[in-house]
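Right, one structure below, let's go through it.
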Amino acid sequence: MDTAENKHAGGEEALNHLNHAAPRMLAYNSSIDKKKLALNLEKKKKHDHFGVLVSAKNFHSLAEQKPHFRTKKLIQVNQKVARFHLYFFCVSSIDIDNQLIKGVYYDFSDSTWKTGFFPYPDFLYRRGGIGKKSKRRYRKFTQQCKKKRIYLLNPSSLGNWDVYHYFQSISSLKKHLQETVLYQYPDDLYDMVDKHRIVYLKGLTGRKAKNVIRIELGLDDRYRYRYYNAAQKKVETIVFKTKEDMIPYVQHFYKGKKFMIQKAIDLLEIDNRRIDLRAELQRNANGSISICGISARLGKSKSPVTTHADAMTLDELFKYLKLTTAEKEKLWIKIETFLSKVYRATENKFGTFAEMGIDFALDEDYNIKFIECNSQSAKVSLCKAHGDKALEQSLINVLLYAKSLQRQRLKKKSS
Ligand SMILES: Nc1ncnc2c1ncn2[C@@H]1O[C@H](COP(=O)(O)OP(=O)(O)O)[C@@H](O)[C@H]1O
Ligand SMILES: [Mg+2]
């Protein structure tokens, strides 16, 4: 913990006192005792348990007193505005049979992270990848959560093709979409490159542009194949004489996983740097959708993607573009309408989300183009462009939205 954190924590009431006893109670190992404990903990709940599912790596970092700064913010904000029983766990720390969770929580009384046993939460907030080996276990857990009517704050992943394919059936969103097909045979790629000259290949899942390749058919009739190599932090370029030569590379890149082919968006550029946008939206305390911040991401020069780069606010971008006040206002309204449509359409198919990160772009004529939806945004660009306060507000929104759901449940129960 850093000094600032300790200062903040000083003198705070120990929120999780209930759980201090839990680890001691669990000195025994028999499954009967665990079942009893789970039932006991379940009975004491007041719809106030907020479980954050993190990766195994992050779970162990917390137990070692090394929280990510976003996690620190979450516990501070929770302490200030929501006072949920807040704990962090990973898939392997769930006892599926007994419906009991080994979690890590922050004890404000002595400013340390501690391990304890918890019942299944009332709110589940997913913040981290599920490893291949844990997929079955995770599926079982979410089935149990649905049965128990636990609120899933980000109920599902938003696979690229699932979302794109679905949006293609919505007339008001069609104009924001680029032609996209699922790759099945090499001919699919050849046809798209012949037709559009520049295309993007995109994995059905993935983040940080790790599964993205840009292919451009140049005026010299060569194919330029580019991707961002995250491990080496540089753009890799391979030039092919024929389209057939590309196929083994593409196949090697996706290792048998499905991917889609998409017409390139003619992205806005400043000084040869491509620009796209990330909007962070949340449901707030009254349950309505609000925009927490829109950030413009500036790719590195020649990079096929804008990830891993600088960010500025949308207003700063508008200033750069020298838009008049009237133009700015018009574009703001267009963007807000688009974002609201995307959020609602996604919810219609995938369930209610407490928050969503939406990637989109403006082309050279300021038309809005959809890129993807994210159910677990790391909010990196939000922090870069809008600062820590915006991150804090995004966490407040999620917690207060959960609070409003809790109030509804308690009211229903008492009536
Ligand atoms: N059709 C496209 N045209 C132009 N650039 C694109 C296109 N699709 C993706 N990109 C670029 O690649 C980046 C990563 O793509 P995205 O679909 O958001 O994948 P990830 O899930 O890895 O973030 C985008 O932020 C954008 O800069
Ligand atoms: Mg993205």
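Both ligands and their constituent atoms are indexed starting at 1 by order of listing.
Of the heavy atoms in Ile265, both backbone and side-chain atoms come closer than 4.0 Å to ligand 1.
Residue-level check: among N/O/S atoms of Glu372, OE2 sits closest to the Mg ion (ligand 2). No other N/O/S atom of Asp359 lies as close to the Mg ion (ligand 2) as OD2 does.
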Query - Asp107 and Ser109: CA distance, side-chain angles, deciding distance, side chain to side chain donor-acceptor pair (under 3.5 Å) verdict - result: CA-CA 5 Å; Asp107 187 344; Ser109 68; 2.7 Å; yes
Report task. Could you check Tyr254 against Tyr183 for ring pair (Phe, Tyr, Trp, His ring centres under 6.0 Å), going step by step and ending with a plain yes or no? Result -> CA-CA 11 Å; Tyr254 288 105; Tyr183 175 91; 8.5 Å; no
Report task. With ring pair (Phe, Tyr, Trp, His ring centres under 6.0 Å) as the test, would you mind laying out the steps for Phe259 and Phe253 before giving the verdict? Result -> CA-CA 10 Å; Phe259 61 94; Phe253 189 92; 8.7 Å; no
Requested in this report: Show the numbers, then the answer: is there a side chain to side chain donor-acceptor pair (under 3.5 Å) between Glu355 and Ser394?
Outcome: CA-CA 8 Å; Glu355 65 178 357; Ser394 74; 5.2 Å; no
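Looking at Gln262 next to ligand 1, an N or O pair under 3.5 Å apart turns up. Geometrically, ligand 1 and Lys263 share a nitrogen or oxygen pair separated by less than 3.5 Å. Below 3.5 Å of separation, one finds no N or O of Ile371 facing any N or O of ligand 1. Residue Leu267 has no N or O atom closer than 3.5 Å to an N or O atom of ligand 1. Residue Asn160 has no N or O atom closer than 3.5 Å to an N or O atom of ligand 1.
Ion pairing of Glu392 with Lys389 is present here, as a side-chain N (NZ or NE/NH1/NH2) and a carboxylate O approach within less than 4.0 Å. A salt bridge links Glu179 with Lys195: the closest approach of a Lys/Arg side-chain nitrogen to an acidic carboxylate oxygen falls below 4.0 angstrom.
Interface of Asp359 with ligand 1, defined as ligand atoms under 4.0 Å from a residue heavy atom, comprises 18 (O). Atoms of ligand 1 found under 4.0 Å from any heavy atom of Thr306, numbered from 1 in the order shown, are 25 (O), 27 (O). Atoms of ligand 1 found under 4.0 Å from any heavy atom of Arg297, numbered from 1 in the order shown, are 25 (O). Contact atoms of ligand 1 toward Asp276: 24 (C), 25 (O), 26 (C), 27 (O) (distance under 4.0 Å to a heavy atom of the residue). For ligand 1, the atoms sitting less than 4.0 Å from at least one non-hydrogen atom of Val305 are 12 (O), 13 (C), 27 (O), numbered in the order shown with element in parentheses.
For the pair Lys243 and Tyr223, the cation-pi test (distance below 6.0 Å, angle within 45°) is failed. Seen from the ring of Tyr138, Arg126 does not count as a face-on cation partner, given the 6.0 Å and 45° thresholds.
Checked options Tyr343, Phe338, Tyr366; the residue passing with Phe360 is Phe338 (criterion: ring-ring contact (aromatic ring centres under 6.0 Å, His included)).
Under the 3.5 Å distance criterion, the side-chain polar atoms of Ser303 are matched with a main-chain donor or acceptor of Val305.
Nearest to atom 18 (O) of ligand 1 among the protein's heavy atoms is Glu372 OE2, 2.8 Å. Among protein heavy atoms, atom 5 (N) of ligand 1 sits closest to Tyr200 CZ, 3.3 Å. Shortest contact from atom 15 (O) of ligand 1 to any protein heavy atom: Val212 CG2, 3.8 Å. Looking only at protein heavy atoms, the nearest one to atom 22 (O) of ligand 1 is Ala209 N, 2.7 Å.
Across Lys202, Lys208, His196, heavy-atom proximity to atom 8 (N) of ligand 1 is greatest for Lys202.
Relative orientation of the Phe89 and Tyr87 rings is tilted, given thresholds of 30° and 60° on the angle between their planes.
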